[in-house]
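Step one of this worksheet: look at the structure below.
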There are 2 protein chains.
Amino acid sequence: MVITRATEYAIRAILYMSRQPKGEIVYKRDICEAQDITPAFLTKILQPLIKEGIVGSQRGVGGGFFLAKNPADITLLDIIKTQEGPVYLNQCLVKEGNCNREFFCPVHGAWKKIRADFMQLLDKYDFASLAADQNTKLPVQSATDS
Amino acid sequence: MVITRATEYAIRAILYMSRQPKGEIVYKRDICEAQDITPAFLTKILQPLIKEGIVGSQRGVGGGFFLAKNPADITLLDIIKTQEGPVYLNQCLVKEGNCNREFFCPVHGAWKKIRADFMQLLDKYDFASLAADQNTKLPVQSATDS
DNA sequence: ATTCCGTAGCGCGAGTAATAACCAAAACGC
DNA sequence: GCGTTTTGGTTATTACTCGCGCTACGGAAT
């Protein structure tokens, strides 16, 4: 019951971009260095984010990636959904009719509620706040390496 | 991001036992039939529950399993923890010092909070209530097969 | 001796986490 | 304009881990 590494990296990458001036293009290389991600893997991770309209990309010389939305409008839930698909928690909730016990199984209803509450929990954290938190911890930019 | 089948089955098994008279021994075979679980797998699943003191077992002729605690004192979180270990959500939270970004990573704090809230969410559901829910759905016992 | 649970370990299959190779587009130099 | 360089886009492959279930043998109770 742990998020995948791809999700972890995606969150880091978005966080990194959130700290840049709005619309500023950042190099893949810079994200990788700052956040300890291999370039090839980062490419793959960013694709769904681009499709989702959260990240924009620019090819060619001087190209790179940038945030296509306001950090305040991006939440942890958004990122998790692009990487892992919808949050389900329980197999029975994956598809309607997937579980033939639905009629009488009381846990079914419980899971539905838990899932909804959990998603709401994740949706509370937006990247503007997260980036702000980081700024209070790290007033000096030069200490970003790990 | 889905719970394992073992957890699913464990919950079903506990639910089944919660509906029996307190302390009554049930056969493995009966649990398996009622809840669609293979006997060998159920054996494995019940072990951690026994170690945790949630389920009791009786060997020999006429032996079987029974609830060692009151259904009202067993929550979904208890079962999940026995099957999947502590709930972590994020690799960084698995072990203190596991994540060298802890100092400045703002997501770290967010995950800690989310995790605590999530666990509290799961801890709200006890098996006395769940079993009661089932009784309202299923007043007649003979309809329990799937 | 029989009937049950306890424990260890095996094996298939699916999913993770990368890596590699090749393709496409944009900008620059000439 | 044209080709080269610099970037991202896409697909395939791989090593590895883990979920899931099965098998086999051991141990306790009656």
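Panel note: side chain B:R115, backbone B:L89; no donor-acceptor pair is recorded below 3.5 Å. Remark: side-chain polar atoms of A:Q20 are paired, donor with acceptor, to backbone N or O of A:Y16 under 3.5 angstrom.
For A:T43, the listed nucleotide lying nearest its side chain is D:dG9; candidates were D:dG9, D:dC20, C:dA27. Side-chain proximity of A:V61 to the nucleotides C:dG6, D:dG9, C:dA27 is greatest for C:dA27. Checked against C:dT3, C:dC4, C:dA18, the side chain of B:R29 finds its nearest nucleotide in C:dC4. Considering only the side chain of B:T4, D:dC20 comes nearest among D:dC20, D:dG27, C:dA17. Nearest to the side-chain atoms of B:R5 among the listed nucleotides D:dT7, D:dC20, C:dG6 stands D:dC20. Counting only heavy atoms from C-beta on, A:A40 has its side chain closest to C:dA20 among D:dT10, C:dA18, C:dA20.
If you take CG of B:D36 and C1' of D:dC20, they are 16 Å apart, rounded to a whole angstrom. When the P atom of C:dA18 is taken as reference, atom CD1 of A:I45 falls 8 Å away, rounded to whole Å. Counting to the nearest Å, the C1' atom of D:dT7 and the CD1 atom of A:I31 are 13 Å from each other. Taking atom OH of residue A:Y27 and atom P of nucleotide D:dT7, one finds them 6 Å apart after rounding to whole Å. Going from atom CD of B:Q47 over to atom P of D:dG26 covers 18 Å, rounded to whole Å. To the nearest angstrom, C1' of C:dA25 lies 14 Å from CD1 of A:I25. The interatomic distance linking A:E8 (CD) with C:dA18 (P) rounds to 11 Å, in whole Å. Between the C1' atom of D:dT6 and the NZ atom of A:K28 lies a distance of 11 Å, rounded to the nearest Å.
The local environment of CD in A:E24 is crowded, with over 12 non-hydrogen atoms from other residues, nucleotides or ligands closer than 6.0 Å.
Remark: B:Y9 engages B:F41 in a ring pair (Phe, Tyr, Trp, His ring centres under 6.0 Å) (not counting sequence neighbours).
Using a 4.0 Å heavy-atom distance criterion, A:K44 is classed as a base contact. No engagement by A:L46 is indicated, since no non-hydrogen atom pair under 4.0 Å with the nucleic acid exists.
One finds a side-chain N or O of A:Y9 lying less than 4.0 angstrom from the OP1 or OP2 phosphate oxygen of C:dA18. Between C:dG6 and B:S57, a contact under 4.0 Å exists linking OP1 or OP2 to a side-chain N or O. Using a 4.0 Å cut-off, no side-chain N or O of A:T38 falls inside it from OP1 or OP2 of C:dA17. Residue B:Q58 has no polar side-chain atom (N or O) positioned under 4.0 Å from OP1 or OP2 of C:dC4.
In this structure, A:G60 and A:F41 both approach DNA chain C, and ranking their closest nucleotides by distance from the 5' end singles out A:F41. Nucleotides of DNA chain C nearest to B:I50 and A:R59 differ in position, and the one nearer the 5' end is that of B:I50.
A distance of 7.5 Å separates CD1 of B:I11 from CG of A:N90, quoted to the nearest 0.5 Å. To the nearest 0.5 Å, atoms NE2 (B:H108) and CG (A:L130) are separated by 13.5 Å. From A:L93, atom CG reaches atom CH2 of A:W111 across 8.5 Å, with rounding to the nearest 0.5 Å.
Across all their heavy atoms, A:M119 and A:L77 have their closest contact at O-CD2, 3.6 Å.
In the hydrophobic clustering of this structure, B:F66 does not group with B:I14; members are Ile, Leu, Val, Met, Phe, Trp, Tyr whose side-chain heavy atoms approach within less than 4.5 Å, directly or through other members. When the side chains of ILVMFWY residues are joined at heavy-atom separations under 4.5 Å, either directly or via intervening members, B:I45 and B:I50 end up in a single hydrophobic cluster.
Looking only at side-chain heavy atoms (C-beta outward), B:Q83 and B:L49 come within less than 4.5 Å of each other.
Of all the residues in residues 62-69 of chain A, not one reaches under 4.0 Å from DNA chain C with any non-hydrogen atom. Only at 4.0 angstrom or more do the heavy atoms of residues 77-88 of chain B sit from any atom of DNA chain C, so none qualifies.
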